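I have placed the structure first, in the form of structure tokens, so that the comments after it can refer back to it.
On a predicted model such as this, the values are computed, not experimentally measured, just so you know.
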Amino acid sequence: DVAYGTEMPTAANGHAVRRTLVCDRVGNLKEYLWDARNRCTILREYTGRATHPALPVSKMSELAITTPPVRPTDPLFFETRYSWNAESLQTKIVYPNGNIVEKIYEIDLVSTAAQRMRGNLRVERRRPGTHVPAGDQTVTEEQFEYDTGFGDCGSCGGFNFVKKHTDARG
């Protein structure tokens, strides 16, 4: 089942204006919050199960919130947050365990970049979260370089033709 609703935009809800609740057949509930540009800003995966599948999804959310988690050590929900830039390119993901993925695009490095090149992903940086055991690296970073004259096609102009990829592990 799927239910849709509206939200009052606040910083706490990622400035969301819409909400979607999705409940599968065993009662697992996911809540998606969307901003005014239809970009998902928050995903909440509830750890309690809606125990009355015959109820409408809107009522199931209340049950999932009040139902104890499947594992007693779990929080009420796991939340993933997404950030976007003005070009609607994803710039940051913060996962429930604190892992962070940051994305840097051509427009972030060269403000006067050609229109077709602005969305080229240049750097993807990953930072570890609070999980235990901690990883062996504090930050891993992938880098991308693009061919600006691919095939002398004139209109291609560096759009999406990766000529060099530096893996995060070297």
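- Between the side chain of R122 and the backbone N or O of F144, at least one donor-acceptor pair lies under 3.5 Å.
- Criterion: ILVMFWY side-chain heavy atoms under 4.5 Å apart, direct or through other members. Under it, L109 and V139 are not part of a common hydrophobic cluster.
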What side-chain donor-acceptor pairs closer than 3.5 Å can you find for residues 86-95, not counting sequence neighbours?
from, atom 1, to, atom 2, distance (Å)
S88, OG, R39, NH1, 3.4
Q90, OE1, K103, NZ, 3.3
T91, OG1, S83, O, 3.2

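- A continuous path of hydrophobic side-chain contacts links V2 to L43 [ILVMFWY only; heavy atoms under 4.5 Å].
- Side-chain contact annotation: W34 with T20, donor-acceptor N/O pair under 3.5 Å present.
- The minimum heavy-atom distance linking P69 with T47 is given by the pair CB-OG1, 3.3 Å.
- Members clustered with V70: none, using a 4.5 Å side-chain heavy-atom cutoff among hydrophobic residues.
- Linking ILVMFWY side-chain heavy atoms closer than 4.5 Å, directly or via other members, places Y146 and I104 in two distinct hydrophobic clusters.
- In terms of the side chain to side chain contact (heavy atoms under 4.5 Å, CB included) criterion, residue partners of F77 (sequence neighbours excluded) are, by chain and number, R44, Y46, E79.
- Between the side chains of E142 and H165, at least one donor N or O sits under 3.5 Å from an acceptor N or O.
- Contact annotation: the side chain of N99 never approaches that of R126 to less than 4.5 Å [non-hydrogen atoms, C-beta and beyond].
- When hydrophobic clusters are built by joining Ile, Leu, Val, Met, Phe, Trp and Tyr residues whose side-chain heavy atoms come closer than 4.5 Å, directly or via intermediates, L76 is grouped together with L29.
- Considering every non-hydrogen atom in both T41 and A16, the closest pair reads OG1-CB, 4.2 Å.
- Residue I107 holds its CD1 atom at 4.0 Å from CZ of R118, rounded to the nearest 0.5 Å.
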Evaluate D35 against V17 for side chain to side chain contact (heavy atoms under 4.5 Å, CB included), listing each step before the verdict. CA-CA 5 Å; D35 70 8; V17 295; 5.7 Å; no
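- Here R125 pairs with E102, E141 under the salt bridge (Lys or Arg N to Asp or Glu O under 4.0 Å) rule; sequence neighbours left out.
- Taking CZ from R18 and OG1 from T6, the interatomic distance works out to 9.5 Å, rounded to the nearest 0.5 Å.
- With sequence neighbours left out, D74 forms a salt bridge (Lys or Arg N to Asp or Glu O under 4.0 Å) with R71.
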Checking side chain to side chain contact (heavy atoms under 4.5 Å, CB included) for the pair Y105/N85: CA distance, chi angles, key distance, verdict? CA-CA 10 Å; Y105 298 92; N85 67 11; 4.2 Å; yes
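- Interatomic distance, T166 OG1 to E124 CD, rounded to the nearest 0.5 Å: 13.0 Å.
- Put simply, the side chain of W84 gets close to the backbone of C40: a donor and an acceptor are under 3.5 Å apart.
- Residues passing the side chain to side chain contact (heavy atoms under 4.5 Å, CB included) test with E7 are N13, R19, L33, sequence neighbours excluded.
- With respect to E45 and K30, a salt bridge is recorded, a charged nitrogen being found less than 4.0 Å from a carboxylate O.
- For the residue pair L121 and V123, the shortest heavy atom distance occurs at CD1-O, 3.5 Å.
- For the residue pair P96 and T80, the shortest heavy atom distance occurs at CD-OG1, 3.4 Å.
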Side chain to side chain contact (heavy atoms under 4.5 Å, CB included) between D167 and Q143, intermediate numbers included: CA-CA 7 Å; D167 186 76; Q143 296 183 357; over 6 Å; no
